[in-house]
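Here the structure is laid out as structure tokens; the discussion comes afterwards.
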Amino acid sequence: MSRLLDRLQHEIATLDAQTLRRRRLIAETPCAPEQQLTLAGAAAPRTVLAFGSNDYLGLAAHPVLAAALAEGAARYGAGSGGSHLILGHSRAHAQLEERLAGWMAPHIPEAQSLFFCTGYMANLAVLSALGGAEAVIFSETLNHASLIDGARLAKARVERYPHCDVQALDAQLGACEAPVKLIVSDAVFSMDGNIAPVAELLALAERHDAWLVLDDAHGFGVLGARGRGVLEEMGLRSERIILVGTLGKAAGVAGAFVAAHRTVIDYLVQRARPYIFTTAAPPAMAHALLASLDLIEGEEGNRRRAQLRARIAQLRAGLQRVLPAGGMARLAESSTAIQPLIVGDNARAMQLSAQLDAFGLRVGAIRPPTVPVGTARLRIALSASHGESDVARLVDALGRLVAQPWKEAA
Ligand SMILES: *Cc1c(COP(=O)(O)O)cnc(C)c1O
């Protein structure tokens, strides 16, 4: 074997030895709490009850959205045929952008929006375009990888600030003389579930003449009375806000958008390379997303948000009942659909996940580098499509498992 292949194999073997090697499951059925999954190397699929999707409202396999996707394909074809600046920008994309701009208009003066293929690309676009050489990016420690990569792509200097530490950030901003400052934070932290102190961050942005870039991947569709996300939830409004929302999570399809003052959006169209140099997503996707927005802001959205809240309350009450105080697992402080159970040790997290598998329950173990060393966890993600009995099953199984002393896996 060539030395190059040899090196890669050695690295993979090292990951394996540290129980850090990732393996994919193959989903044989549409996204739902009960799914047929095939493990790598397994001969046949197994039916499991999963608590890991980002499909918080249970819309990913909704027949109305599947039908809208088919209708969009019939009307617009399968592909866009080009980038947004060269013939790929369809009427469906334009309609979706207008609709999302309207959603954010109460929160961002002169709001416009820009549609992206993925949230990852939206974050790369915002940070690389606005974070020029004269800028400084103030990046929250627990930010999503796409924000970290966006900051790397930017020419700006990057300063990290401690998790939710508004005072530290205030001091860092005060000491900075750069003409352009960007405060960058997840709105809901993806591996912890807690909500950033967004009102305080915005106050700092006003005081220090900075932008506030908020990634609302886990809030859009879920937070706020009509599901418009963290800005609606907190009742905030400012022309300094640059909001990134993703559309593959609660919205159940794929893609993302940036909402900001129209001047910012104009600028991104001119300068954001991850926007300019890529093929526009299929217009049918935008067409399906318009149907998704209808569901999110309508009665069905209200009902699903209420169901999700009920499951969150049930899980928290149940786990607080069955987890031994001072035990090996700690439920994180979270009011959102993301409910991590922090166990600390990588192997312990893997073992718990495997033991749940034996009960037919699928909860992902999240390990470094996705989370800080020593904070490996089970990331329980709830959806409006989980039933009361689903959550009861998980609480019951975890109650049995965490009550047992931990044995080192053979
Ligand atoms: C999932 C996620 C993204 C990336 O969005 P995609 O549309 O999946 O590329 C960005 N930020 C956060 C916080 C996320 O959780």
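Ligands are counted one by one from 1 in listed order, and the atoms in each one are counted from 1 as well. Residues take their numbers from the sequence shown, with the count starting at 1. Worth knowing before you read on, the calculation uses all heavy atoms, side chains too, and leaves out hydrogens, waters and symmetry mates.
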Mind listing the closest non-hydrogen atom pair of [X] and [Y] along with its distance?
X	Y	answer
Asp192	Arg377	OD2-NH1, 3.1 Å
Leu182	Val213	CD2-CG2, 3.8 Å
Gly131	Ala154	O-CB, 3.4 Å

Give the residue, atom name and distance (to 0.1 Å) of the protein heavy atom nearest [atom].
atom	result
atom 13 (C) of ligand 1	Asp215 OD2, 3.3 Å
atom 4 (C) of ligand 1	Tyr120 N, 3.6 Å
atom 7 (O) of ligand 1	Gly119 N, 2.7 Å

Subset of ligand 1 atoms that lie under 4.0 Å from at least one heavy atom of [X]:
X	answer
Ser146	10 (C), 11 (N)
His218	14 (C), 15 (O)
Asn123	10 (C), 11 (N)
Thr246	5 (O)

Residue pair Thr370 / Arg22, side-chain donor-acceptor N/O under 3.5 Å: yes
Neighbour count above 12 (heavy atom, 6.0 Å) for Arg152 CZ: no
Contacts of type ring-ring contact (aromatic ring centres under 6.0 Å, His included), residue His89, not counting sequence neighbours: His84, His93
Ligand 1 contact on Ala217 by region, counting heavy-atom pairs under 4.0 Å: side chain
Ligand 1 contact on Asp186 by region, counting heavy-atom pairs under 4.0 Å: side chain
Ser190 N/O to ligand 1 N/O under 3.5 Å: no
Close N or O approach (Lys249, ligand 1; < 3.5 Å): yes
Trp103 ring center within less than 6.0 Å of Phe257 ring center: no
Residue pairs, two or more places apart or on separate chains, that pass salt bridge (charged side-chain N to carboxylate O under 4.0 Å, His left out) and touch residues 43-65: Arg46-Asp357
